[in-house]
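Please read the structure below before turning to the comments.
If you're wondering where the values come from, they're calculated on a predicted model, not measured in any experiment. Atoms within a ligand are numbered from 1 in the order they appear, just like the ligands themselves.
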Amino acid sequence: MVKSLSALAVGAVLIVPGSARAADAAKTPTFAKDIAPIFQAKCEACHRPDNMAPMSLQTYEDARPWAKAIAARVGGRQMPPWHIDKTVGIQKFKNDRSLSDDQIDTIVRWVNAGAPKGDPKDMPAPKVWADETVWQEAVKLGPPDLIVKSPEYTMPAVAQDAWWRPSVATGLTEPRWVRAIEIRPVGKGARKITHHALARLQQPEDMDPALFTNDPNVAGDGLFMEWAVGKNADEMRPDSGRLMLPGSKIVWEMHYHAVGEEISGHTELGVWFYPRGQEPKHREVLALFNSFSGNSPGARALDIQPNQITTTESFITLRQNARIENFQAHMHLRGKGMSMEAIFPDGRRELLSQVSDFNFNWHNMYIYADDVAPLLAKGTILHLIAWYDNTKNNKANPDPDQWVGYGDRTVDEMGHAWLNITYFSDDEFKAETAKRATATATAAGGQQPQQ
Ligand code: HEC
């Protein structure tokens, strides 16, 4: 009873016209009061000195000259970079950096009103950022157990973007279970030139290849792990881990871009292991599922005609019960979007996630929140659809008159989903599904006040 009354009261304050809140909302937003808190929460991670973005947005003086560009990029949902379609599929992510509709509205109204500064007394205290020269995860877990370094790279002051893929042995002599990972660019200015850095794990595996790929060409290569900068450390879900084997290598992929001064740097991967003897119950693997079919080795059936929009699709039957931990679309310059649908054994279908505004410059990984990561029984079919715009309407397209096929170069195409998957036995899966049902029921009970 008390619960329902307070819920009503909160609702009433929000909707009563003429209330203090309603009057407030109609007022012109100011930088000090309304904008700075949003920028601290959603922009400064990249837009601060010596970081990836071209300008700082920490102070009014920093931000004011960019007001028009901010309205355009924010209003068009290009900034912050988050390309998941907001109108369909799962919307709860661990690493969501997007703005709410209200925040976008506030920013655009602020710019339209001449981007006023407001009363400096309203400014929030400057956000304190963690020291980037130390491992963030070390606060919790101590120094990393293993550090793998990429070779040093020097980016000239002026140059084309570079994608660099050196490979480095991990030196492991026994299998170890991974509980946390962190990636960081190292060197003065390295964060400015490092647009993204991925670390893939390559190792000999004797696992059923169908559990981690539908691409016959990578079947022998083993298992990969992929990480993007912008999200610091990542911990595995409880009782889950990745397995690193002796003979493993880290295959780096760094996207470097020139910023007007010569800068050298490298990237480090810190790995924290579970203690020997304390093995997690579940193994998480990174799966590569193509959005097109290629049934024989060498056949990567991607065929994109000039001046056309092309769609491909694939159907992947899950051989084991699975929890999908994240969704990441990997495409190149013609890539425009990708959707992932589950077709359940009873024929029911559910669209899980869709990227509708793919941008090759951003390798966003969309990590599902704990209570919504899809739990899919074996026999469920993952249905991937990808679409490619090889017309002149695609601004990223270097040449719409080219016939484009599968390939490594950015002017060739790819179209696959990277999915972190935890596989479960039937008993484990039953337990996981039951846990989820209880959690969901409790959450729903909390929202619906009992009379
Ligand atoms: C994950 C990092 C990241 C986040 C978070 C981010 N940005 Fe950016 N932003 C960039 C990078 C990198 C560029 C330059 C490359 C580009 O334009 O895409 C950029 C470019 C821009 C530009 C264009 C600058 C120009 O040269 O015209 C604007 C405006 C902008 N960001 C505003 C914002 C605002 C406002 C936010 C928060 C609401 C934000 N960004 C959040 C990384 C980020």
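- Where the criterion is an N or O separation shorter than 3.5 Å, residue side chain and backbone included, H195 fails it with respect to ligand 1.
- Heavy atoms of P81 approach ligand 1 to within less than 4.0 angstrom.
- Ligand 1 places these atoms under 4.0 Å from at least one heavy atom of A53: 9 (N), 10 (C), 11 (C), 12 (C), 42 (C).
- When heavy-atom distances to ligand 1 are checked against a 4.0 Å cut-off, Q78 has no atom that comes that close, whether in backbone or side chain.
- Atoms of ligand 1 found under 4.0 Å from any heavy atom of K42 (numbered from 1 in listed order, with element): 5 (C), 37 (C), 41 (C).
- Nearest approach of F39 to A63, heavy atoms of both residues: CE2-CB, 4.1 Å.
- When non-hydrogen atoms are compared, ligand 1 lies under 4.0 Å from neither the backbone nor the side chain of I107.
- Taking the six-membered ring for Trp and the full ring otherwise, the centers of F289 and W418 sit at least 6.0 Å from each other.
- Near C46, with a cut-off below 4.0 Å to any heavy atom, the atoms of ligand 1 are 1 (C), 2 (C), 3 (C), 4 (C), 5 (C), 42 (C), 43 (C).
- With ligand atoms numbered from 1 in the order given, ligand 1 contributes 24 (C), 25 (C), 26 (O), 27 (O) to contacts under 4.0 Å with heavy atoms of W66.
- A salt bridge links E61 to K117: at least one charged side-chain nitrogen sits closer than 4.0 Å to a carboxylate oxygen.
- At least one heavy atom of I70 sits less than 4.0 Å from an atom of ligand 1.
- At a heavy-atom cutoff of 4.0 Å, ligand 1 is contacted by no atom of A45, backbone or side chain.
- Atoms of ligand 1 lying under 4.0 Å from at least one heavy atom of A69, given by number and element, are 29 (C).
- In this structure, Y153 has its ring center under 6.0 Å from that of W164.
- Among H255, H330, H195, H332, the single residue meeting the ring pair (Phe, Tyr, Trp, His ring centres under 6.0 Å) criterion with H363 is H330.
- K127 forms a cation-pi arrangement with W129, by the criterion of a distance under 6.0 Å to the ring centre and an angle within 45° of the ring axis.
- Here H282 and F424 bring their ring centres to under 6.0 angstrom of each other.
- Proximity to V74 (heavy-atom distance under 4.0 Å) selects the following atoms of ligand 1: 35 (C).
- Between D389 and K336 there is no salt bridge, since none of the side-chain N atoms of the basic residue sits less than 4.0 Å from a carboxylate O of the acidic one.
- For Y366 and W82, the gap between ring centers is short of 6.0 Å.
- Heavy atoms of W82 found under 4.0 angstrom from ligand 1: none, in either backbone or side chain.
- Closest heavy-atom approach to atom 14 (C) of ligand 1 within the set A71, A72, A63, P54: this belongs to P54.
- A salt bridge links R77 with D101; the closest basic N to acidic carboxylate O contact falls under 4.0 Å.
- Taking all atoms of both residues into account, the shortest heavy-atom contact from K86 to S98 is NZ-OG, 2.6 Å.
- Of all the heavy atoms of I38, none lies under 4.0 Å from any atom of ligand 1, so neither backbone nor side chain is involved.
- In this structure a side-chain-to-backbone donor-acceptor pair under 3.5 Å is missing from H266 to P151.
- Look at H47 and atom 8 (Fe) of ligand 1: an N/O/S atom of the residue is under 2.8 Å from the metal.
- At a 4.0 Å cut-off, not a single heavy atom of Q103 sits close enough to ligand 1 to count as contact.
- Distances below 4.0 Å separate heavy atoms of M52 from the following atoms of ligand 1: 2 (C), 12 (C).
- In the vicinity of R97, heavy-atom distances shorter than 4.0 Å reach the ligand 1 atoms 1 (C).
- For atom 18 (O) of ligand 1, the nearest non-hydrogen atom from the set M55, H257, R73 belongs to R73.
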